[in-house]
Amino acid sequence: MKIRSLFNYGIILAAALTMTCACSDDDDDKKKSAEYEREAVEYTPEWWVDMTASDQAPDWQAPDASLYENWAILMVTLEPYLASYATDNDLMAVYINDELRALSLPSRTKEQHIKDGDGNVQFILKIFGNELSGKEVKFTLKYYSAHLHQIFTLSGMEKFVAEEEYGIKELFVPPLRRGSSKFPVVTDLNVKINVAEDSDFKQDINDIVAVFIGGECRGTFTFYENTGDERSITFPVFSREEGEKADIRYYSRNENAILTFKDAVTLKGGEQYTEINF
């Protein structure tokens, strides 16, 4: 399997989530006025995306090794967000051409993680197959989070290479949150922050940007956790369907206020662009 290509979540989105990644320059996606609602606050808001779902625990059965001639080893490392919710009952599965070929619990228990002082949560999978080495196959990775009650799925075309080992010398950290069953539409939202020359607004490293649909947070960006251009930021936003209208909330540390831009963007999936003005 050419596992390296799974690092490219653009390919994963196209294959697994059937999204078209195209930049949007629609007028509806741009907020050209400086109009926003201001709410004074005493404390920094705690905004996060609630990934808790209601998926049933899957009844996955380990494959019978005697039925297969070939094998390959894959070690999957969970992205930090999912690792923070990991339990000893989580499951990782690999499907080849829609047939379950590997199944694993976490390689270490939570107690072992604490003892080792290592935050990485990993699954070691022995993938069985009868395909010719080098043959391209449909590769599907499924992760069940027992704490979040959710199955995350990524899929793409890969080459099955017998007796190879992947994700060990170089960690394989697939973007599993982008295969959420709760939020099947993922938008990579680029927000341009415009500050007029005569504006009193000043950015701070402790500022936070969040996207809300109704009262539910669907994506956040924290400046102190990131580097780069503070006037142009990009972060994933999760939604249940295309066409959901979302507000952008900006927490200003200097003003001790939350500034809300109502209906700032219509989420369509893929790459999108919008602006907020101060």
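In this structure, CG in Asn120 is found 7.0 Å from CZ in Arg108, a value given to the nearest 0.5 Å. To the nearest 0.5 Å, the span separating CD1 on Ile168 from CZ on Phe172 amounts to 12.5 Å. Here the CD1-CG distance, from Ile233 to Leu189, works out to 8.0 Å after rounding to the nearest 0.5 Å. Asn254 CG to Asp204 CG: the interatomic distance, rounded to the nearest 0.5 Å, is 5.0 Å. Atoms CZ and CD, on Phe128 and Glu69 in that order, are 13.0 Å from each other to the nearest 0.5 Å. Rounded to the nearest 0.5 Å, atoms CG (Leu259) and CZ (Arg38) are 6.5 Å apart.
Put simply, the side chain of Asn70 gets close to the backbone of Glu131: a donor and an acceptor are under 3.5 Å apart. Checked by atom type and distance alone, the side chain of Glu165 never pairs as donor or acceptor with a backbone atom of Met75 at under 3.5 Å. Under a 3.5 Å cut-off, the side chain of Thr220 and the backbone N or O of Trp48 do not form any donor-acceptor pair. Distance alone, capped at 3.5 Å, places no donor-acceptor pair between the Asp207 side chain and the Ser252 backbone. Under the 3.5 Å distance criterion, the side-chain polar atoms of Arg249 are left unmatched by any main-chain donor or acceptor of Thr260.
Asn206 places a side-chain heavy atom less than 4.5 Å from the side chain of Tyr224. In this structure, Leu154 and Pro175 have side chains that are in contact, with non-hydrogen atoms separated by less than 4.5 Å. Under the 4.5 Å side-chain criterion, counting only non-hydrogen atoms from C-beta, Phe221 is not in contact with Val211. Leu141 has its side chain within reach of Val94: a pair of non-hydrogen atoms, C-beta onward, lies under 4.5 Å apart. With a 4.5 Å cut-off on side-chain heavy atoms, Phe238 and Met51 count as touching. Counting only heavy atoms from C-beta outward, the side chains of Ile127 and Phe160 approach each other to under 4.5 Å. For the pair Leu267/Val185, no side-chain contact is recorded, criterion being any heavy-atom separation below 4.5 Å from C-beta on. With contacts defined as side-chain heavy-atom distances shorter than 4.5 Å, the pair Met92/Leu176 qualifies.
Ala162 approaches Ser133 most closely through the heavy-atom pair N-OG, 3.2 Å. Nearest heavy-atom pair, Gln203 versus Ile193, reported as atom, atom and distance to 0.1 Å: NE2-CD1, 3.7 Å. Pairing each heavy atom of Lys138 with each of Ser155, the nearest pair is CE-OG, 3.6 Å. Taking every heavy atom of both residues into account, Ile213 and Ala246 meet most closely at CG1-CB, 3.9 Å. Shown here for Arg178 and Val186, the closest heavy-atom pair between the two residues is NH1-CG1, 3.5 Å. Between Glu216 and Arg218, the shortest heavy-atom contact is OE1-NH2, 3.1 Å.
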Stepwise side chain to side chain contact (heavy atoms under 4.5 Å, CB included) check, Asp90 with Phe123: CA-CA 10 Å; Asp90 289 2; Phe123 298 78; 4.0 Å; yes

Arg231 and Asn194: CA distance, side-chain angles, deciding distance, side chain to side chain contact (heavy atoms under 4.5 Å, CB included) verdict: CA-CA 7 Å; Arg231 295 292 176 89; Asn194 300 317; over 6 Å; no

Derivation of the side chain to side chain contact (heavy atoms under 4.5 Å, CB included) call for Tyr143 and Val76: CA-CA 10 Å; Tyr143 168 61; Val76 178; over 6 Å; no

Worked verdict on Arg240 versus Phe183 for side chain to side chain contact (heavy atoms under 4.5 Å, CB included): CA-CA 5 Å; Arg240 292 185 172 87; Phe183 299 119; 3.9 Å; yes

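Asp247 pairs by the salt bridge (charged side-chain N to carboxylate O under 4.0 Å, His left out) definition with Lys262, not counting sequence neighbours. For Phe201, the ring pair (Phe, Tyr, Trp, His ring centres under 6.0 Å) partners at least two apart in sequence or on another chain are Tyr250, Phe278. Annotation: salt bridge (charged side-chain N to carboxylate O under 4.0 Å, His left out) contacts of Glu79 (sequence neighbours excluded): Arg177. Scanning for side chain to side chain contact (heavy atoms under 4.5 Å, CB included) contacts around Asn190 gives Ser232, Thr234, Tyr273, with sequence neighbours left out.
Other residues, nucleotides and ligands place more than 12 heavy atoms under 6.0 Å from the NZ atom of Lys182. By the neighbour-count criterion of 12 heavy atoms within 6.0 Å, atom CG of Asp200 is sparsely surrounded, having that number or fewer from other residues, nucleotides or ligands.
In the model, Ser180 has a side-chain atom that pairs as donor or acceptor with a side-chain atom of Gln150 under 3.5 Å. Asn89 and Thr87 are not linked by any side-chain donor-acceptor pair at a separation below 3.5 angstrom, with hydrogens and angles left out of the test.
Residue Ile151 is found in a hydrophobic cluster whose other members, listed by chain and number, are Trp60, Leu91, Tyr95, Leu100, Leu103, Leu105, Tyr144; membership requires side-chain heavy atoms under 4.5 Å apart, directly or through intermediates. Membership of the apolar cluster around Ile208 extends to Val41, Trp47, Phe212, Tyr251, Ile258, as traced through chained side-chain contacts below 4.5 Å between ILVMFWY residues.
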